[in-house]
Protein chains: 2
Amino acid sequence: MDDDAPVTAAPVPPSAGSARERARATFTADLLAAARRQVAEVGAAQLSLRGVARELGVASSAVYRYVDSRDALLTLLLIEAFDDGGAACETAFARARAAGASAGETWIAVARAFRAWATEHRHAYELAYGTPVPGYVAPQDTVSHATRVWGVLGRVIVAAAADGDLAPLVPPADVRGLVSPAVLEFAGSLADDGRAAPGTDAEEGVVRSVVLFDALVGAVSTELFGHLHGVTTDADRLFDVTIAAAATGVGLVLRPAA
Amino acid sequence: MDDDAPVTAAPVPPSAGSARERARATFTADLLAAARRQVAEVGAAQLSLRGVARELGVASSAVYRYVDSRDALLTLLLIEAFDDGGAACETAFARARAAGASAGETWIAVARAFRAWATEHRHAYELAYGTPVPGYVAPQDTVSHATRVWGVLGRVIVAAAADGDLAPLVPPADVRGLVSPAVLEFAGSLADDGRAAPGTDAEEGVVRSVVLFDALVGAVSTELFGHLHGVTTDADRLFDVTIAAAATGVGLVLRPAA
DNA sequence: TCCGCAATGTGAGCGGTGCTCTTGACACGT
DNA sequence: ACGTGTCAAGAGCACCGCTCACATTGCGGA
């Protein structure tokens with residue numbers, strides 16, 4: 001009631017911009033929320049622009065004023081998903097390290113956080129880490145968000161190297177030339193103190209991160225996609241064992257905090 | 001030309017059954033072939049009954065005479081996919097063992113075969129091991145086909161135990177009560193000579209198989225779904241390293257054949 | 001103050017989808 | 001030779017993504 005004030009009133013109530021810009025912002029937010037809700041209910045592949053329009057009580061064509069296409073909407077949700085999962089891993093990492101956890105313990109904490117996020121946001125996980133939506137290719141804007149999880153895993157390896165918790169690979173693997181230069185550069189920027197631990201091979205570190213990533217996505221995907229259905233009586237514990245085995249596989253020593 | 005013979009002729013030319021039954025069988029086969037082709041081209045989620053009807057030069061409604069629904073058709077293709085992937089693993093296993101390969105070498109051969117199959121039949125892999133098709137729940141008939149890969153991985157572990165190539169898990173994992181009884185029974189049936197190697201814990205063996213399975217699906221999925229895009233310059237070698245790390249993680253010793 | 005423009009919402013419409021149901025033709029077994 | 005039952009066809013329903021011409025409305029400049 002207070003909002004439709006006299007003619008020239010209220011130039012900048014809470015947010016900036018003209019009334020139109022504010023309306024646009026709030027409607028866009030509502031649209032994204034509705035889309036998020038719909039993805040959570042029926043999955044990304046079933047996301048329907050007409051459906052969100054219905055939910056918003058608006059003509060289906062109106063949605064196209066705010067979003068280029070269904071794919072563009074999917075891209076927004078995909079970025080959100082990557083950011084959400086990445087943030088979950090990042091806070092788990094930070095919290096574990098702040099609590100003095102060893103690199104191995106940190107890896108387990110990160111993996112658990114990732115799995116918890118995936119379980120709670122099943123469809124967001126599917127969107128980000130499941131089968132690519134058919135006919136849809138993720139634009140370049142998404143990769144920077146997708147790398148957040150990678151960054152955390154890389155820092156786990158860096159921390160392990162710094163703490164002396166990184167055993168040699170068994171059997172020794174020749175990783176020379178395996179990693180693309182751009183990724184090597186990205187990996188080089190991960191060490192907190194600006195310098196990698198002595199004797200650490202950056203290329204081998206990236207390979208270890210890849211193995212951890214594969215194990216993580218593999219464990220979560222098989223569980224969420226039903227391939228472990230009826231296999232175990234305690235999925236939580238099985239996940240922990242799986243994740244621990246992955247650590248051992250990359251030479252990440254699992255020891256309690258010092 | 002020879003087929004549309006005179007009125008009462010040719011009771012049982014090559015296959016059995018009446019002319020109607022034979023026609024039905026061949027048409028069903030054609031239908032499946034067309035569906036297979038379409039899945040290979042555009043993916044399972046884009047499989048269109050109208051599309052296969054078009055390809056067969058038939059009305060879309062006619063397809064429903066031969067298949068209950070789009071989902072039923074998907075089920076047939078899903079079973080095919082599981083069988084195909086399972087067969088690839090089985091022949092790789094048999095071939096490696098026949099050549100005297102160690103359990104570790106056999107694991108690598110199986111993993112490579114699985115990856116090769118997945119790469120060649122991308123959409124079949126997606127159908128079987130990717131995000132479940134939304135709104136579609138795989139019927140019970142599919143599980144027996146899905147277990148073929150599991151059987152191979154289980155036999156890898158059994159072989160390793162028999163050959164003394166199975167190191168204890170590091171760190172030791174308490175796997176008591178982790179595995180469902182039905183799966184334990186299935187695992188018990190895998191030993192070729194009818195008896196598990198002495199000192200082998202069946203439950204722990206299943207857990208090792210799960211870890212291998214997760215690593216396999218994880219490695220293939222991340223690669224096929226684009227998460228390793230631009231990371232490596234040699235995906236084949238990276239896969240091998242990943243698979244070797246998984247073996248080490250479950251205590252599967254990688255040694256050359258005796 | 002008023003006018004023109006741009007942003008916005010609408011609804012019809014196009015071509016596509018899965019699926020159902022009626023209708024008519026054909027082949028089969030008796 | 002004839003009933004019976006299988007079959008393909010096509011219309012139709014409800015949904016989808018997307019486009020476009022059309023009103024409306026709010027904004028900024030004259």
Side-chain angles (χ1 to χ4, degrees), chain A residues 3-13 16-28 30-31 34-35 38-39 41-77 133-136, chain B residues 3-13 16-28 30-31 34-35 38-39 42-75 77 133-136:
Chain A
D3 274 15
D4 41 17
V7 187
T8 58
V12 181
S18 69
R20 211 168 228 170
E21 282 172 349
R22 274 180 293 120
R24 186 177 184 83
T26 66
F27 186 88
T28 305
D30 288 355
L31 199 166
Q38 195 163 113
V39 165
E41 271 175 23
V42 299
Q46 308 269 42
L47 173 67
S48 142
L49 278 189
R50 287 180 125 107
V52 315
R54 246 193 317 272
E55 183 172 333
L56 295 175
V58 95
S60 67
S61 51
V63 174
Y64 285 88
R65 300 279 184 201
Y66 296 89
V67 93
D68 278 353
S69 67
R70 182 181 174 276
D71 281 4
L73 181 53
L74 229 44
T75 298
L76 293 179
L77 297 175
V133 175
Y136 168 78
Chain B
D3 274 13
D4 42 15
V7 187
T8 57
V12 182
S18 71
R20 215 169 228 166
E21 282 171 350
R22 274 179 293 120
R24 186 176 183 84
T26 67
F27 187 88
T28 305
D30 288 355
L31 200 166
Q38 195 163 112
V39 165
V42 298
Q46 309 268 46
L47 174 67
S48 145
L49 279 188
R50 287 179 126 106
V52 313
R54 249 195 314 273
E55 182 171 334
L56 295 174
V58 97
S60 66
S61 51
V63 174
Y64 287 88
R65 297 275 180 201
Y66 298 90
V67 94
D68 277 353
S69 67
R70 181 178 175 279
D71 282 4
L73 182 54
L74 229 42
T75 298
L77 297 175
V133 176
Y136 168 79

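Labels below follow one simple rule: chain letters A, B, ... track the order of the sequence lines, proteins then strands, and each chain is numbered from 1. Values reported hereafter were calculated over all heavy atoms of this structure, with side chains retained and with hydrogens, waters and symmetry mates removed. Being a predicted model, the structure only gives us computed values, none of them experimental.
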Report which part of the nucleic acid [X] touches: base, sugar-phosphate, or nothing (heavy-atom distance under 4.0 Å, all strands).
X: A/Leu73; result: nothing
X: B/Leu47; result: sugar-phosphate
X: B/Tyr66; result: sugar-phosphate
X: A/Ser60; result: base
X: A/Ser61; result: base

> Quick one: does B/Arg50 reach the base of C/dG16 with a side-chain donor-acceptor pair under 3.5 Å?
Replying inline: no

Tell me the interatomic distance from [X], atom [atom1], to [N], atom [atom2], rounded to whole angstroms.
X: A/Arg70; N: D/dT19; atom1: CZ; atom2: C1'; result: 18 Å
X: A/Leu31; N: C/dT8; atom1: CG; atom2: C1'; result: 14 Å
X: B/Arg24; N: D/dG5; atom1: CZ; atom2: P; result: 16 Å
X: B/Asp30; N: D/dC7; atom1: CG; atom2: P; result: 15 Å
X: A/Phe27; N: C/dT8; atom1: CZ; atom2: P; result: 10 Å
X: A/Tyr64; N: D/dC22; atom1: OH; atom2: P; result: 21 Å
X: B/Asp68; N: C/dG18; atom1: CG; atom2: C1'; result: 14 Å
X: B/Gln46; N: C/dG18; atom1: CD; atom2: P; result: 10 Å

>> Whether A/Arg65 contacts D/dC20 is assessed here as follows: a side-chain N or O lying under 4.0 Å from the phosphate OP1 or OP2. Is that the case?
In response: no

>> Can you confirm whether A/Val67 sits close enough to A/Leu76 that some side-chain heavy atom of one is under 4.5 Å from a side-chain heavy atom of the other?
In response: yes

Point-to-point distance, once rounded to the nearest 0.5 Å, from [atom1] of [X] to [atom2] of [Y]:
X: B/Gln38; Y: B/Leu73; atom1: CD; atom2: CG; result: 9.0 Å
X: A/Arg22; Y: A/Thr26; atom1: CZ; atom2: OG1; result: 9.0 Å
X: B/Tyr66; Y: B/Leu31; atom1: OH; atom2: CG; result: 8.5 Å

>> By nearest atom, which of the nucleotides D/dA9, D/dC16, D/dC7 is closest to the B/Val58 side chain?
In response: D/dA9

> Which nucleotide in the list D/dC18, C/dG9, C/dC19 gets nearest to the side chain of B/Leu49?
Replying inline: C/dC19

Can you check nucleotides 25-28 of chain D for protein contacts, nitrogen or oxygen pairs under 3.5 Å, and list what you find?
{"unit_1": "D/dT25", "atom_1": "O2", "unit_2": "A/Arg20", "atom_2": "NH2", "d": "3.1"}
{"unit_1": "D/dC27", "atom_1": "OP1", "unit_2": "A/Ala19", "atom_2": "N", "d": "3.4"}
{"unit_1": "D/dC27", "atom_1": "OP1", "unit_2": "A/Arg20", "atom_2": "N", "d": "3.4"}

>> Looking at every heavy atom in both B/Leu77 and B/Ala35, which two are closest together, and how far apart are they?
In response: CD1-CB, 4.1 Å

> Considering all heavy atoms of both residues, which atom of A/Gln46 and which atom of A/Arg70 are nearest to each other, and what is their separation?
Replying inline: N-NH2, 4.2 Å

Hey, can you pull the donor-acceptor pairs under 3.5 Å for the side chains in residues 47-61 of chain A, sequence neighbours left out?
{"unit_1": "A/Ser48", "atom_1": "OG", "unit_2": "A/Arg50", "atom_2": "N", "d": "3.3"}
{"unit_1": "A/Ser48", "atom_1": "OG", "unit_2": "A/Gly51", "atom_2": "N", "d": "2.7"}
{"unit_1": "A/Glu55", "atom_1": "OE2", "unit_2": "A/Arg37", "atom_2": "NE", "d": "2.7"}
{"unit_1": "A/Glu55", "atom_1": "OE2", "unit_2": "A/Arg37", "atom_2": "NH2", "d": "2.3"}

